[in-house]
There are 2 protein chains.
Amino acid sequence: MVEAISNGWFSEIQNDLWPGQAFSLKIKQVVHEEKSKYQDIKVIETATFGTCLILDGIIQCTTRDEFSYQEMISFISLNSHPNPRKVLIVGGGDGGVAREVAKHPLVEEVHQVEIDERVVELSKKFLPNMATGFQNPKVKLTIGDGFAYMKKHVNEFDVIITDSSDPVGPAQTLFEESYYGLMKNALRPGGIVGSQGGSYWVDCDYLKKTMDGCRKHFPTVSYAHTNTPSYPCGHIGFVIGSLDKNKNFKTPLTNFSEAELNDMNLKYYSRDMHSAAFALPRWVEAKLSSNN
Amino acid sequence: MVEAISNGWFSEIQNDLWPGQAFSLKIKQVVHEEKSKYQDIKVIETATFGTCLILDGIIQCTTRDEFSYQEMISFISLNSHPNPRKVLIVGGGDGGVAREVAKHPLVEEVHQVEIDERVVELSKKFLPNMATGFQNPKVKLTIGDGFAYMKKHVNEFDVIITDSSDPVGPAQTLFEESYYGLMKNALRPGGIVGSQGGSYWVDCDYLKKTMDGCRKHFPTVSYAHTNTPSYPCGHIGFVIGSLDKNKNFKTPLTNFSEAELNDMNLKYYSRDMHSAAFALPRWVEAKLSSNN
């Protein structure tokens with residue numbers, strides 16, 4: 001067994017999700033290590049990627065590149081809805097998605113449910129620039145299971161963003177078809193879901209399975225992607241579904257001016273980036289539209 | 001010093017171009033190792049990325065993802081020219097770019113100059129699906145220095161594609177301003193250059209320097225990018241310049257039908273991917289357009 005931490009480097013090497021490849025970061029200092037009720041948590045200070053949160057041996061975010069993920073999952077989902085007033089975030093314990101969603105001028109209420117309280121507490125301590133999301137008065141955090149929470153909420157939200165870890169451990173149910181069914185019930189008419197969907201480079205079969213699950217409950221489904229160096233293959237994407245059967249995700253419904261983008265401190269998202277995120281390589285188009 | 005090969009893994013760890021981060025591939029077998037006149041060459045059979053060519057400790061290509069780079073550098077450059085009849089490739093010793101360029105129906109002649117004969121010979125042996133480019137009757141290969149070759153060719157080419165390794169070792173001069181001056185002279189009126197330009201995630205300052213060098217000789221300059229998991233940050237791009245001061249790179253001038261794309265066996269490139277490749281994150285737009 002190759003160790004996750006050795007010779008002053010952390011390597012994302014002990015998992016079966018992306019066999020035969022590993023990304024490593026040089027460590028300045030291991031800041032914190034614990035086993036919470038749900039998962040193994042590490043916080044490391046890296047040499048060149050800032051502070052890094054690791055759950056069960058998998059990098060969740062680094063302060064160098066987190067905005068490329070948080071901004072894109074948030075604004076692509078929100079700007080696909082004409083009036084995203086009430087938003088639910090499932091997962092996202094570091095606070096980064098809450099930080100972005102709360103910036104949106106049309107958003108009035110942000111409800112968030114995260115299963116692991118310790119991730120929130122450690123992010124407040126070690127990732128203050130992300131956990132700042134929890135301080136926004138629009139945001140109301142509940143500690144609990146997203147799957148169970150959803151069962152109790154019907155016809156409530158305009159947009160549901162699922163910012164989960166990968167489909168092993170506590171997040172596994174958030175990729176299942178039945179979860180898409182619950183989200184459909186929790187949405188108001190015309191509602192949108194945007195979920196962390198992994199990378200087609202890592203596992204295109206799994207992505208197709210997730211999208212097929214979404215398609216059973218949502219008439220319009222697509223996939224948008226972004227470049228985040230600290231994720232496997234430097235790449236991650238979002239499965240996005242709409243209850244509107246004529247939805248065109250590629251064209252955002254809210255267009256911010258340059259001044260608004262600056263005021264919101266958006267470093268990655270723009271109208272151009274929104275549209276470009278839906279362009280897929282030919283082999284991926286073929287795979288995702290196939291019947292098997 | 002952390003070893004490049006250890007515990008059955010190859011790690012791209014011994015270089016100063018992207019400090020503090022490393023990508024690793026599990027090795028099935030080290031197929032070949034030698035020191036050529038110019039560089040250290042390794043060919044490994046990996047567990048999940050196919051065959052991998054490594055020069056001076058840096059991954060050049062893997063058979064799993066090479067098309068995402070070869071197709072994009074080739075077709076973005078070619079389809080930015082209205083009639084790319086005569087093309088020069090500098091570098092590209094594996095043959096992948098020649099394979100793609102020669103597919104283009106408007107291309108009549110492909111001249112290629114590669115400095116290291118051993119890369120060509122080893123690719124013919126171990127990467128036959130890439131080196132197939134050299135068998136196309138349109139392609140004429142010269143072994144020699146691209147910089148020196150360019151000095152002898154004036155007003156000859158429609159498009160020049162520079163498929164170089166990174167700016168250390170034999171490829172360093174191919175990123176310099178003077179090289180862009182030579183390419184300008186080697187082009188016919190309205191000519192296009194497309195050069196491997198690295199990733200903004202890896203070194204945006206260096207990218208800006210390269211683009212500023214290009215701007216001294218070309219009135220229109222842009223940057224397009226693609227996702228290649230085996231490159232650092234999973235990301236790489238191309239500096240593209242045109243002698244036409246009104247050039248709009250985002251809209252390809254040749255549009256292939258689905259049937260043509262299938263016939264050419266294009267797995268990555270399409271009209272949508274061409275346009276999307278020019279969308280840049282806001283922080284990159286700001287950096288590349290700044291005066292310092």
Side-chain angles (χ1 to χ4, degrees), chain A residues 1-3 6-9 11-13 18-28 46-49 64-65 67-68 71-72 199-202 225-235 258 261-262 266-286, chain B residues 1-3 6-9 11-13 18-28 46-49 64-65 67-68 71-72 199-202 225-235 258 261-262 266-286:
Chain A
M1 164 101 104
V2 183
E3 292 300 320
S6 113
N7 286 318
W9 289 72
S11 291
E12 213 178 38
I13 210 161
W18 38 92
Q21 68 184 94
F23 182 65
S24 305
L25 289 172
K26 193 168 187 182
I27 299 172
K28 233 190 231 171
T46 70
T48 56
F49 273 68
R64 174 165 157 192
D65 61 6
F67 58 92
S68 62
E71 289 185 19
M72 292 294 269
S199 165
Y200 48 70
W201 277 119
V202 175
H225 59 119
T226 187
N227 292 122
T228 307
S230 61
Y231 289 146
C233 294
H235 184 255
E258 278 302 300
L261 291 163
N262 288 337
L266 292 189
K267 291 183 284 216
Y268 203 88
Y269 179 89
S270 64
R271 184 186 168 82
D272 261 12
M273 291 299 285
H274 180 122
S275 299
F278 290 92
L280 295 178
R282 294 191 84 235
W283 74 273
V284 179
E285 289 270 19
Chain B
M1 162 99 100
V2 183
E3 292 300 319
S6 112
N7 286 319
W9 288 72
S11 292
E12 213 177 38
I13 210 161
W18 38 91
Q21 69 185 94
F23 182 66
S24 305
L25 288 171
K26 194 168 187 182
I27 299 171
K28 233 190 231 171
T46 71
T48 55
F49 274 69
R64 174 165 157 192
D65 61 5
F67 58 91
S68 61
E71 289 185 18
M72 292 293 269
S199 165
Y200 47 70
W201 278 119
V202 174
H225 59 120
T226 187
N227 292 123
T228 307
S230 62
Y231 289 145
C233 294
H235 184 254
E258 278 302 302
L261 291 164
N262 288 337
L266 292 190
K267 290 182 284 216
Y268 202 88
Y269 179 88
S270 64
R271 183 187 169 83
D272 261 14
M273 291 300 284
H274 180 123
S275 299
F278 290 92
L280 296 177
R282 294 191 83 234
W283 74 273
V284 179
E285 289 271 19

Heaviest contributor of heavy-atom pairs below 4.5 Å to chain B, chosen from A:His235, A:Met273, A:Lys26, is A:Met273
Count the heavy-atom pairs under 4.5 Å between each of A:Gly234, A:Pro229, A:Pro19 and chain B, then report the option with the highest count.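 Result: the option with the highest number of such pairs is A:Pro229.
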Quick one: OH on A:Tyr268 to CG on B:Leu280, what's the gap to the nearest 0.5 Å?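 These two atoms lie 9.5 Å from each other.
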Pairwise distance OG(A:Ser11) to CD1(B:Ile13) - rounded to 0.5 angstrom: 7.0 Å
Atom group of [X] that falls short of 4.5 Å from chain A, counting heavy atoms:
X: B:Ile27; value: neither
X: B:Ser68; value: side chain
X: B:Phe49; value: side chain

Go through [options] and name the one with the most non-hydrogen pairs under 4.5 angstrom from chain A.
options: B:Thr48, B:Leu25, B:Thr226, B:Val284; answer: B:Thr48
options: B:Glu71, B:His225, B:Glu12, B:Glu258; answer: B:Glu258
options: B:Ala22, B:Ala279, B:Cys233; answer: B:Ala22
options: B:Ala276, B:Ser270, B:Ala286; answer: B:Ala276
options: B:Thr228, B:Val202, B:Thr46, B:Asp272; answer: B:Asp272

Do A:Lys267 and B:Pro281 come within less than 4.5 Å of each other through their side chains, counting heavy atoms only?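 In short, these two side chains do not touch, never coming nearer than 4.5 Å.
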With side-chain contact (heavy atoms from CB on, under 4.5 Å) as the test, would you mind laying out the steps for A:Arg64 and B:Gln21 before giving the verdict? CA-CA 12 Å; A:Arg64 174 165 157 192; B:Gln21 69 185 94; 4.1 Å; yes
Any idea which heavy atoms bring A:Arg282 and B:Leu266 closest together, and the distance?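 The pair with the smallest heavy-atom distance is NH1-O, 2.7 Å.
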Aromatic ring pairing A:Phe67/B:Trp201, orientation class (parallel under 30°, perpendicular over 60°, tilted between):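 Tilted: the ring planes of A:Phe67 and B:Trp201 meet at 30° to 60°.
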